[in-house]
Visitor: 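Quick one: the structure is below, questions incoming.
Fair warning: this is a prediction, and the values are worked out from it, not measured in the lab. Chain letters run A, B, ... following the sequence lines, proteins first and then strands; every chain starts at 1.
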Number of protein chains: 2
Amino acid sequence: MAARSGEFELIARHFAPIAQSDPAALSLKDDAAVFSPPAGHEVVVTTDALVADVHFRSIDEPELIAKKVLRVNLSDLAAMGARPGGVVLSSGYNRDLSDDWVARFAKGFGEDCAAYDVSLWGGDTVATPGPTFFSLTAFGYVPMGRALRRDLAKPGDVLAVTGTLGDAALGLALLNGEFPDLAPDLAEFLKDRYWLPQPRMTESAACIASKQRLAAMDISDGLAGDCRKICSASGVGLVINRDAVPLSKAARAVLDGDEDQWSRILAGGDDYELLIAGSPDDVAALGDAFTVIGGVTDEVGVVSLIGTDGKMAELADGGFDHFK
Amino acid sequence: MAARSGEFELIARHFAPIAQSDPAALSLKDDAAVFSPPAGHEVVVTTDALVADVHFRSIDEPELIAKKVLRVNLSDLAAMGARPGGVVLSSGYNRDLSDDWVARFAKGFGEDCAAYDVSLWGGDTVATPGPTFFSLTAFGYVPMGRALRRDLAKPGDVLAVTGTLGDAALGLALLNGEFPDLAPDLAEFLKDRYWLPQPRMTESAACIASKQRLAAMDISDGLAGDCRKICSASGVGLVINRDAVPLSKAARAVLDGDEDQWSRILAGGDDYELLIAGSPDDVAALGDAFTVIGGVTDEVGVVSLIGTDGKMAELADGGFDHFK
């Protein structure tokens, strides 16, 4: 810790200003924070741990890392239909990190707390001889008994997603040296999609406002693996139409001439888009923010992918095996 | 991760059984847990991160490490007067840890969840190339507006603590090879005090039940440093009578002939006892569980220690400088 200030000074200097606006945080001076859900609402809680060079690139900008730490948790709240309340942040800073790094991390974190109207309610800051890690726990509020869940999909439902898929996985590949010939503006777009997930708070709120039965989750580990979780929780099967999967202009450019990138798009992860299942009418009523990519079947646990040629293949966790 | 199962299998096998009794956890299958505080209560939230060989000894029994991870957080809830509800656990397991280690950790964690009537509501499990770490976030409930806080001490109050101080710090020193001649039963006692903190849930509940103005915190970093936090939050000073500090038989045996161990007892940390300030009558009414060790003054920020000879010294964070 020679290069850095003590824990309490660090918290006071960098993080207390972020926390000062919310009485729940008790100005980060106490052992804990105190809060209440609004009347008629329950508390949704989610936690995610991120380790340097496992879940984020330690060479990336600290401001961007901070924003991603917050946003991946907000995406989990969105998956439950919760609007954000506050967060507590456990930080394990590698001993050799500079004060400047921590200051920039705190700056990015504060900017996004403001952008998403989230309060920092407390946390714990420790030093570690190993890789820097963060564990964020986020709290949100959802109308009593109305949280979106994974176990509500039924045969006959359609399956739909927000945004475009695969951009973040392609962005990471690009940061690691792939696709050197991609146009600069498309390359920037993909990198941004990796660095800055867009938690779908608005679309999530629309799902809650619709008051319909909807199964939901966020896609964090790739569509191929994550959609199995809805299958498993709901006891259903899924058919996904590959041609219906929404793609960005940049992803289309990468795919052009390199069909193998479909595996990365379907299984690469870091999308942080919402995946929902509901009746065709209910999903259509949610409007353009959701793109229908397939349907729910009664073949329990079977996830199939329909290709461009109309043929069907089992969708494996790692993408798809082959088209029959 | 070659030596171990995948994240989801690991969670399902070792941790899901702990979570199954509580509907809030959604069987650990969803992105998040959902809960509500009981009517008339607020939610208290606290988080602590622990890193192997920084905050716990990686060579210790995994069951004991698990219990300590839980108990240090319960102690933070006790400091706020909250009774435990649930916890979420982020685990970063070193890649070379065995399945058996994780299974034993989960076993110890489950035993203590049952012992303290706490539910595991969820978490995140990742692999790390660095030291194993845990970040636990604990939730408790406190009657609305009645959380114990650090900023309520007033001049004229007495200062009191639960249990005995210094045992854990001496236990750690003993584990590191000191006090080889201490009687085996006393040595065992000190080691247990290091391994297994006793969060003071009953005493905390008594503070809440008294409905009196009480400042409170738990002593985790040593009395000397921690009591400054009450000074700072409440804008007061403190006088501590060293002879009144409650000591175990084992601590007395260590001190016998080695007065320098006072520094460790007053500043060593890991006590997880409650420190409260309140009017003499209110504290007396709490009964024998609390021992008065000093009083609150209006000398803002000054913490003094009265020695055996009646002389007074400034109490430094690291113990005491000298007696004038």
Visitor: Contact part of A:H55 toward chain B, heavy-atom cut-off under 4.5 Å: side chain, backbone, both or neither?
Guide: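 The side chain, not the backbone.
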Visitor: Tell me, side chain or backbone of B:V44 under 4.5 Å from chain A's heavy atoms, or both, or neither?
Guide: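 Looking at B:V44, backbone and side chain both touch chain A.
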Visitor: Counting only heavy atoms closer than 4.5 Å, note whether A:V51 contacts chain B via side chain, backbone, both or neither.
Guide: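 Contact with chain B involves the side chain of A:V51 alone.
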Visitor: Ignoring hydrogens, what is the shortest heavy-atom contact between A:S36 and B:H41? Give both atom names and the distance.
Guide: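 Heavy-atom minimum between the residues: OG-O, 4.2 Å.
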Visitor: Against chain B, work out which of A:S75, A:G130, A:A49 has the most heavy-atom pairs shorter than 4.5 Å and name it.
Guide: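 Looking at each of A:S75, A:G130, A:A49 in turn, A:A49 comes out on top.
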Visitor: Supply the atom-to-atom distance A:F134 CZ to B:S135 OG, rounded to the nearest 0.5 angstrom.
Guide: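 OG of B:S135 is found 12.0 Å from CZ of A:F134.
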Visitor: Quick one: does B:V45's side chain get under 4.5 Å of A:F35's, heavy atoms only?
Guide: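 Sidechains of A:F35 and B:V45: in contact.
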Visitor: Assign the ring pair A:F139 / B:F139 to parallel, tilted or perpendicular, where the plane angle (0 to 90°) is split at 30° and 60°.
Guide: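 Taking B:F139 first and then A:F139, their aromatic rings stand perpendicular (interplane angle over 60°).
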Visitor: Side chain from CB out, backbone as N, CA, C, O: work out which of these in B:V54 comes under 4.5 Å of a heavy atom of chain A, or both, or neither.
Guide: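 Interface part for B:V54: side chain.
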Visitor: Checking side-chain contact (heavy atoms from CB on, under 4.5 Å) for the pair B:V43/A:V34: CA distance, chi angles, key distance, verdict?
Guide: CA-CA 6 Å; B:V43 182; A:V34 181; over 6 Å; no
Visitor: Run through A:T47, A:L136, A:L50, A:D48 and flag the one making a side-chain contact (heavy atoms from CB on, under 4.5 Å) with B:S90.
Guide: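 Output: one option passes, namely A:T47.
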